[in-house]
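Shown next, in structure tokens, is the structure this report addresses.
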Amino acid sequence: MEIKPILLEIAWLLGCAVVSYYMFIVLLGNFDQDINLHDTYFVIKTGHAWISCFIIISFFVYYFKELKYSFRRKIQRSFIFFLGFILIVLASLAVQLLPFFNPYNNNGWTIYPPLSAQPKIHQFKQNFIILTIVSKAVLILQIAVVIMMLSVAYKYGKSKKMISGI
């Protein structure tokens, strides 16, 4: 087995890491993400959010890079499946966290000020609509990733069938 293809793929991964890091810094700055919800203060480290950004970018880079080869190369195809699986898991975790961002759904937390002091129903509708849109977008991303992974498997199987002459 040659070492050159592996080094080339490591270079591609490092390139994706650098691009996602600089894109993450440009979009969000080099600071931790602070989310203040009711009486709870969430801090998301930059590294954790950057890893998610890296996985999304590298999955799509690998998919479109290997599209011209009909996904015949084993190492690259393995990277696509691995990154796609991790992306689906991360999206599932993100959907599970979305209800915590709804200020009208207390999830067992003590809410201060009480709901009687909260804004009227139009604010609830706005938050609900935003959370619904985000959850549907994450679901569509998951479906797109699964379809892309199925297309990789189909195109690889089709090219393998043509090569073997069955």
Side-chain angles (χ1 to χ4, degrees), residues 8-38 40-109 123-161:
L8 187 61
E9 298 314 312
I10 290 173
W12 271 99
L13 281 177
L14 287 175
C16 289
V18 169
V19 167
S20 63
Y21 181 75
Y22 283 117
M23 189 171 89
F24 192 76
I25 287 177
V26 167
L27 292 178
L28 300 174
N30 200 13
F31 303 107
D32 294 337
Q33 299 301 312
D34 302 336
I35 302 170
N36 191 4
L37 274 172
H38 311 300
T40 306
Y41 195 69
F42 293 104
V43 178
I44 301 172
K45 291 195 146 297
T46 306
H48 295 147
W50 171 77
I51 289 172
S52 301
C53 183
F54 165 71
I55 289 174
I56 292 169
I57 289 173
S58 57
F59 174 78
F60 286 106
V61 164
Y62 264 91
Y63 182 82
F64 290 113
K65 179 177 82 81
E66 290 302 312
L67 191 60
K68 68 179 178 181
Y69 295 108
S70 296
F71 307 104
R72 287 183 298 246
R73 303 189 305 178
K74 186 176 182 180
I75 295 171
Q76 294 82 356
R77 193 175 56 248
S78 301
F79 280 5
I80 290 171
F81 283 120
F82 178 73
L83 293 168
F85 175 73
I86 297 297
L87 184 57
I88 290 170
V89 169
L90 285 176
S92 298
L93 292 173
V95 167
Q96 290 176 356
L97 290 177
L98 284 177
F100 289 109
F101 295 104
N102 186 354
Y104 295 94
N105 184 8
N106 62 2
N107 296 317
W109 298 355
Q123 182 68 33
F124 173 75
K125 285 183 181 179
Q126 179 184 0
N127 288 341
F128 183 74
I129 290 171
I130 290 171
L131 290 174
T132 303
I133 290 171
V134 170
S135 67
K136 299 300 180 198
V138 171
L139 180 66
I140 290 171
L141 173 72
Q142 285 179 311
I143 291 171
V145 168
V146 168
I147 289 172
M148 292 169 85
M149 290 172 64
L150 287 173
S151 72
V152 168
Y154 175 75
K155 288 181 182 180
Y156 171 69
K158 189 175 176 182
S159 69
K160 190 80 164 173
K161 186 177 179 182

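The structure presented is a predicted model; accordingly, all values stated were derived computationally and were not measured.
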Throw together a table of side-chain donor-acceptor distances under 3.5 angstrom for residues 143-155, partners on residues two or more places apart or in other chains.
unit_1 : atom_1 : unit_2 : atom_2 : d
S151   : OG     : Y63    : OH     : 2.9
S151   : OG     : M148   : O      : 2.7

Minimum-distance pair of heavy atoms, taken over all atoms of Y69 and K65: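 Nearest heavy atoms, Y69 then K65: CD1-O, 3.9 Å.
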Least distance between heavy atoms, F24 atom then C53 atom: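 Of all heavy-atom pairs spanning F24 and C53, the closest is CD1-CB, 4.3 Å.
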Any L13 side-chain heavy atom under 4.5 Å of Y62 side chain: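 When only atoms from C-beta onward are counted, Y62 and L13 do touch, with a gap below 4.5 Å.
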Heavy atoms of other groups near W12 CH2, more than 12 under 6.0 Å: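 It does not: W12 CH2 has 12 such atoms or fewer within range.
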K136 NZ: over 12 foreign heavy atoms closer than 6.0 Å: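 No - once you tally the heavy atoms of other residues, nucleotides and ligands closer than 6.0 Å, there are 12 at most.
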Could you pull out all donor-acceptor pairs under 3.5 Å where a side-chain atom in residues 74-87 meets a protein atom, sequence neighbours excluded?
unit_1 : atom_1 : unit_2 : atom_2 : d
Q76    : NE2    : E9     : OE2    : 2.6
R77    : NH1    : F71    : O      : 3.0
R77    : NH1    : R72    : O      : 3.3
S78    : OG     : K74    : O      : 2.8

Rounded distance (nearest 0.5 Å) linking atom CZ of F54 with atom CZ of F59: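 Nearest 0.5 Å value for the CZ-CZ distance: 13.5 Å.
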